[in-house]
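Numbers restart at 1 for each chain; the letters A, B, ... are given by sequence-line order, proteins then strands.
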Protein chains: 2
Amino acid sequence: MGHTLHSHQGHYGWDNSLTPAITVAPGESIEFEVKDASDGHLGANSTAQDLLTLDFATVNPVTGPVFIDGAEPGDALIVTILDLVPSGWGWTGNIPGFGILADQFPDPALHLWNYDAKGMTPAAFGANAKIPLRAFPGTVGVAPAEPGQHSIVPPRNVGGNMDVRDLFTGTKLTLPIEVEGALFSVGDTHAAQGDGEVCGTAIESAMSVALKFELVKGAAAKFPHYETAGPVTRHLDEKGYFVTTGVGPDLMQNARDAVSGMVDFLGREQGLSAIDAYMLCSVCADMRIGEIVDQPNFIVGMYFPKVVFD
Amino acid sequence: MGHTLHSHQGHYGWDNSLTPAITVAPGESIEFEVKDASDGHLGANSTAQDLLTLDFATVNPVTGPVFIDGAEPGDALIVTILDLVPSGWGWTGNIPGFGILADQFPDPALHLWNYDAKGMTPAAFGANAKIPLRAFPGTVGVAPAEPGQHSIVPPRNVGGNMDVRDLFTGTKLTLPIEVEGALFSVGDTHAAQGDGEVCGTAIESAMSVALKFELVKGAAAKFPHYETAGPVTRHLDEKGYFVTTGVGPDLMQNARDAVSGMVDFLGREQGLSAIDAYMLCSVCADMRIGEIVDQPNFIVGMYFPKVVFD
């Protein structure tokens, strides 16, 4: 590992006019220090009220950008996740206005985690739940071709805030390149996340991330694609799942109904408060599309791992 | 197993005025003979052209209805999948006008399968692909309250043509009941299916299905929910996945882009024709929602199991 980028070597939006923090050749690796998504606004003594003073201009800081020597528009960047070293502290919050059920959860809520960064053993939530952990970077992307500053929040065809939890150690992610040097940055590291990141946050946690970069000339990729080195849900699936569904013509509404149904189910069956159930879905549930062809109705399933209550 | 329903004891649409084929008490089980989704129209000598003469009035026949003694509107029916005995023969088709990429695949295509019904070992597709099998009924539902005949194709809040592949042996499915006696039917048995059933068909295969029925009084369920007895993807996930994504504001378009991307990927990397790749996605890939909160863009991933080419 020849190179290190520190967390102050970063930025808050995507902008292809930013000065690169470092230049590397294809085949090289970098260790990135990544700040938590609150940019250090939250800490061990924070309360839910502190979410109300989050500055959206500085959320989700990323470390970079990295100029990849020889990268040109139309090429693709292969990013291999080599290693993650988590901090052992994290937070999950319900930020008013953010999350798939923002209308049903208007009040701020905050859960602080102290987890086993070395062993990454399941992290306790209350008396009865234990959340399996698996670290990954939520934001992994390159600069878009379009000039100007672009919000860090939405992902794009060039990646960015993908929040895809399967970008864990061993995964090779391929990103379309739109500007010279690619201008890669990484941030928003998570100690665990469910598919969808439904309440809007995961186990948000500073960590360091080691990545290797390779170039595919003229790949002309349209969207990010990736390859995992092994199974993706075995830390969760051992005991099976409780599954709630939404059935109807709109996939977003189906997803909302499935999450809402799981919040009700976990309240009824496990005695969880609605906000706790919602946050737990966000840190460990799977979200799958059951069928998407039997018009006019489709099915989305929220899969909650039974091992959490084992 | 006290009761058997034969495949002629069935119907083609949901209609709460149908005469029950049988009445059982809660706690009882039935073995259902289920016809394939073509209602016997396709057989060992069929070609793609035979898909053009499929009669949509008789597709997806179901066996039933079963009157559950004591079931009333507002109750829920728990259906436990006890056992499936597959026939060993099946088909996968691209039916013009049907499927998530119907616009890109206008021509009929048909693949016939002879699979190992006893061992359910992976079924060969061409020289290089082997599809892991796991049987389940695609259509599992009860009659809707609304009078008249309703198409069997779309699933509804009361279940029906759910095409959710995790309704395999050991899964307990809970369905909302809207009419007296529930009027349960089952059909559309599959030897294997991917999430989404993206080309519109799975490995369509006649089989017998043993189900147990229980009643929960006053459950007031809104949508189907289920509980699996164990992991759901371990027959597929051992070697990891190739994953393509769609990123954007519309989940359906994201899913289309992810499937389209996988068709391209499998062509480029594995030499599959586009129609073969599309049909393979339909019989074995997972479809997951990566993130659904980073407005305005969301991510759908098509997960193709690497074990297929192992």
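Between the CG atom in N297(A) and the CE atom in M162(B) there is a gap of 11.5 Å [rounded to 0.5 Å]. In this structure, the separation between CE on M252(A) and CE on M252(B) is 13.0 Å, given to the nearest 0.5 Å. The line from CG of D163(B) to CZ of F298(A) is 12.0 Å long, rounded to the nearest 0.5 Å. The NZ atom of K222(B) sits 7.5 Å away from atom CG of D257(A), with the distance rounded to the nearest 0.5 Å. With values rounded to the nearest 0.5 angstrom, I289(A) atom CD1 is found 7.5 Å from I100(B) atom CD1. Note that CG of D188(A) is 8.0 Å distant from CG of D294(B), once rounded to the nearest 0.5 Å.
Considering only heavy-atom pairs separated by less than 4.5 Å from chain B, the leading option among D166(A), N157(A), V243(A) is V243(A). When each of S282(A), G196(A), P296(A) is scored by its heavy-atom pairs under 4.5 Å with chain B, the top score falls to G196(A). Heavy-atom pairs under 4.5 Å with chain B peak, among G246(A), A255(A), G261(A), at G246(A). Between chain B and the residues P155(A), G290(A), G138(A), A102(A), the most heavy-atom pairs under 4.5 angstrom are made by P155(A). Between chain B and the residues D286(A), D195(A), N161(A), V153(A), the most heavy-atom pairs under 4.5 angstrom are made by D195(A). Of the listed residues R165(B), E227(B), M302(B), the one with more heavy-atom pairs under 4.5 angstrom with chain A than any other is E227(B). Contact tally against chain B (heavy-atom pairs below 4.5 Å) for M262(A), Q193(A), R156(A): the top residue is R156(A). Interface summary for chain A: among T244(B), D250(B), I292(B), the most heavy-atom pairs under 4.5 angstrom belong to I292(B).
Among the residues in residues 303-310 of chain B, those with a non-hydrogen atom closer than 4.5 angstrom to a non-hydrogen atom of chain A are Y303(B), K306(B). Taking 4.5 Å as the heavy-atom cut-off, none of the residues of residues 170-177 of chain A approach chain B. Residues of residues 232-242 of chain B lying under 4.5 angstrom from chain A, judged on non-hydrogen atoms, are V232(B), T233(B), R234(B), D237(B), E238(B), K239(B), G240(B), Y241(B), F242(B) by number.
For E269(B), the CD atom sits in a packed shell: over 12 heavy atoms of surrounding residues, nucleotides or ligands are nearer than 6.0 Å. Around CD of Q253(B), the count of heavy atoms belonging to other residues, nucleotides or ligands within 6.0 Å exceeds 12.
Sorted by first then second residue, the ring-ring contact (aromatic ring centres under 6.0 Å, His included) pairs that include residues 151-175 of chain A, not counting sequence neighbours, number zero.
Using a 4.5 Å cut-off between heavy atoms, Y226(B) contacts chain A through both its backbone and its side chain. Contacts of E197(A) with chain B are made by both backbone and side-chain atoms, with heavy-atom separations under 4.5 Å. Both the backbone and the side chain of R288(A) come within less than 4.5 Å of a heavy atom of chain B. With a threshold of 4.5 angstrom between heavy atoms, L251(B) approaches chain A through its backbone and through its side chain. With a 4.5 Å cut-off on non-hydrogen atoms, R268(A) touches chain B through its side chain but not through its backbone.
What you find for V293(A) and G99(B) is that their closest heavy atoms are CG1-CA, 3.9 Å.
Looking only at side-chain heavy atoms (C-beta outward), I299(A) and V164(B) come within less than 4.5 Å of each other.
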